[in-house]
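What follows is a set of notes on a single structure, which appears directly below.
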Amino acid sequence: MTLLPNLILVSRTHGLLVTISLTFLLISSPAPSSSLSLDFYSSSCPNVELLIKNTVRSATAMDPTLPGKLLRLVFHDCIVEGCDGSVLVQGNDTERSDPANRSLAGFEVVESAKRWLEVLCPGTVSCADILVLAARDAVEIAGGPSVPVPLGRRDGRTSSAANVRPNMVDTSFSIDEMAQLFSSKGLSLDDLVILSGAHTIGKAHCSAFSERLEPIDTSLNKDYATELIKQCPAGANAAVTVDNDPVTASLFDNQYYTNLVSRKGLFSSDSVLMSDRRTRGRVESLSANQDEFFNSWSDSFLRMVNIGVKTGDAQGEIRSSCSTVNA
Ligand code: HEM
């Protein structure tokens, strides 16, 4: 174990100066463990959470769209091959190259945190854990609850585009199709209602919902549909985006559910949560009570970031760079 006293680190992340002062920095070999725990890095990399939070905070100060991007990124990681950082791997035929993942973003925040962590605690913190923590922090920075997250995930060595479609939800899915896919990951219909609340932040490209505008989907509020048509006119540039939540766009709050109640869900996969009698009551209740949403969010988020985790020395690896599996 090496003790580095009074080390001051200064970094430029997204053009912003980040200063991390560590009175005593402990560097040691990775903690041996075969399951997730809240204190997994407490001796091997005690400042991991502080460093990641600072990275996400300063990156968000430069680019306020990052919380939405990071939150979507962790969902797409966990739902395919489990939460193992497989979505981060670059290259032909990796998950990231699949059309369903092409609009994912925020990778550079994870890479930036990883570069620092490789200096502070080399070979210790997985990209899978960095992504989960970054998404957790993104929610808190956007005004949502802070969730203590058990750590110790290892990075997968497989990332294949062929695994994306069979495991990915689509906006055209019926509620039964979504429930079935969630159930295959150990998530319930209620988890679907809660985790869809992630759409209280972030943005969507016009192509993700344009089929609802021509002709106007009768389950959409007319004024909202008119507003969407204005923002996404026929032939609009493919890069144009709209806010997922038209009322409090960058705030992580329960407005998503209030939008659903007033038939302002952006995707049909959002609207069905209000039209289906099995989930309508819960949507109405969440719309009236933000604490209920935040408490349930913490539980459902923890279940999501627990999907198919790899732990222990026998599974996966700790990547040196998040975008490539180790040689
Ligand atoms: C269950 C069915 C779901 C469907 C069909 C769905 C679909 C989509 C689509 C089509 C977009 C727009 C992407 C774009 O155009 O760039 C989007 C955005 C987003 N989704 Fe979902 N999603 C679902 C669940 C979730 C879950 C469970 C989470 C996280 C827990 C999540 C988090 C997000 C976030 C934060 C954004 C905004 C991304 C950004 O700002 O770049 N979604 N989703």
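Whatever order the structure lists them in is the order used to number ligands and atoms, beginning at 1.
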If you take the nearest heavy atom of each of [options], which one is closest to [atom]?
atom: atom 40 (O) of ligand 1; options: Lys203, His76, His205; answer: Lys203
atom: atom 13 (C) of ligand 1; options: Arg72, Lys69, Met168, Met304; answer: Arg72
atom: atom 30 (C) of ligand 1; options: Ala135, Ala100, Ala198; answer: Ala198

Within-shell test, Asp170 vs ligand 1, heavy atom, strictly < 4.0 Å
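Yes, Asp170 has a heavy atom closer than 4.0 Å to ligand 1.
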Taking atom types as modelled, find out whether [X] and [Y] have a side-chain donor-acceptor pair closer than 3.5 angstrom.
X: Arg212; Y: Thr171; result: no
X: Asp245; Y: Asn259; result: yes
X: Asp176; Y: Gln180; result: no

What do we get for [X] next to ligand 1 when only non-hydrogen atoms under 4.0 Å count, side chain, backbone, both or neither?
X: Phe173; answer: neither
X: Ala208; answer: side chain
X: Leu192; answer: side chain
X: Asn244; answer: side chain

Donor-acceptor pair, side chain of Arg319 and main chain of Asn326, under 3.5 angstrom:
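Answer holds: no.
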Ring of Phe107, cation from Arg96 - is the NZ or CZ under 6.0 Å from the centre and inside 45° of the axis?
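Yes, a cation-pi geometry.
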Before you tell me yes or no, could you show the steps for Asp137 and Arg57 under salt bridge (charged side-chain N to carboxylate O under 4.0 Å, His left out), namely the whole-Å CA-CA distance, both residues' side-chain angles and the distance that decides it to 0.1 Å?
CA-CA 8 Å; Asp137 293 339; Arg57 191 171 282 138; over 6 Å; no
In ligand 1, which numbered atoms sit nearer than 4.0 Å to a non-hydrogen atom of [X]?
X: Val169; value: 1 (C), 2 (C), 3 (C), 4 (C)
X: Met178; value: 1 (C), 2 (C)
X: Leu195; value: 26 (C), 27 (C), 28 (C), 30 (C)
X: Phe267; value: 8 (C), 9 (C), 10 (C), 11 (C), 12 (C), 17 (C), 43 (N)

Please list the nearest protein heavy atom to [atom] with its residue and the distance rounded to 0.1 Å.
atom: atom 35 (C) of ligand 1; result: Gly68 O, 3.1 Å
atom: atom 5 (C) of ligand 1; result: Ser269 OG, 3.3 Å
atom: atom 26 (C) of ligand 1; result: Phe75 CD2, 3.4 Å

Test side chain to side chain contact (heavy atoms under 4.5 Å, CB included) applied to Val56 and Val110, Leu133, Val109, the passing residue:
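Single pass found, and it is Val109.
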To check you understand the geometry: which heavy-atom pair defines the closest contact between Gly265 and Asp270, and what is its length?
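Minimum heavy-atom separation between Gly265 and Asp270: CA-CB, 4.1 Å.
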Shortest non-hydrogen contact between Phe294 and Phe252, atoms and distance:
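Of all heavy-atom pairs spanning Phe294 and Phe252, the closest is CZ-O, 3.5 Å.
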Atom 21 (Fe) of ligand 1 - closest N/O/S atom in His199
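In His199, the heteroatom (N, O or S) nearest atom 21 (Fe) of ligand 1 is NE2.
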Tell me whether the centres of the aromatic rings in Phe267 and Phe173 are closer together than 6.0 Å.
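No: the rings miss the under 6.0 Å criterion.
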Give yes if a backbone or side-chain nitrogen or oxygen of Thr171 is under 3.5 Å from a nitrogen or oxygen of ligand 1, and no if not.
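Min N/O separation from ligand 1 is not below 3.5 Å for Thr171.
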Polar proximity ligand 1 side, Ser103 side, N/O cut 3.5 Å exclusive
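For ligand 1, there is an N or O atom that lies under 3.5 Å from one belonging to Ser103.
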Hydrophobic cluster identity match, Leu266 and Phe75, side-chain contacts under 4.5 Å:
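Looking at the clustering, Phe75 is in a separate group from Leu266.
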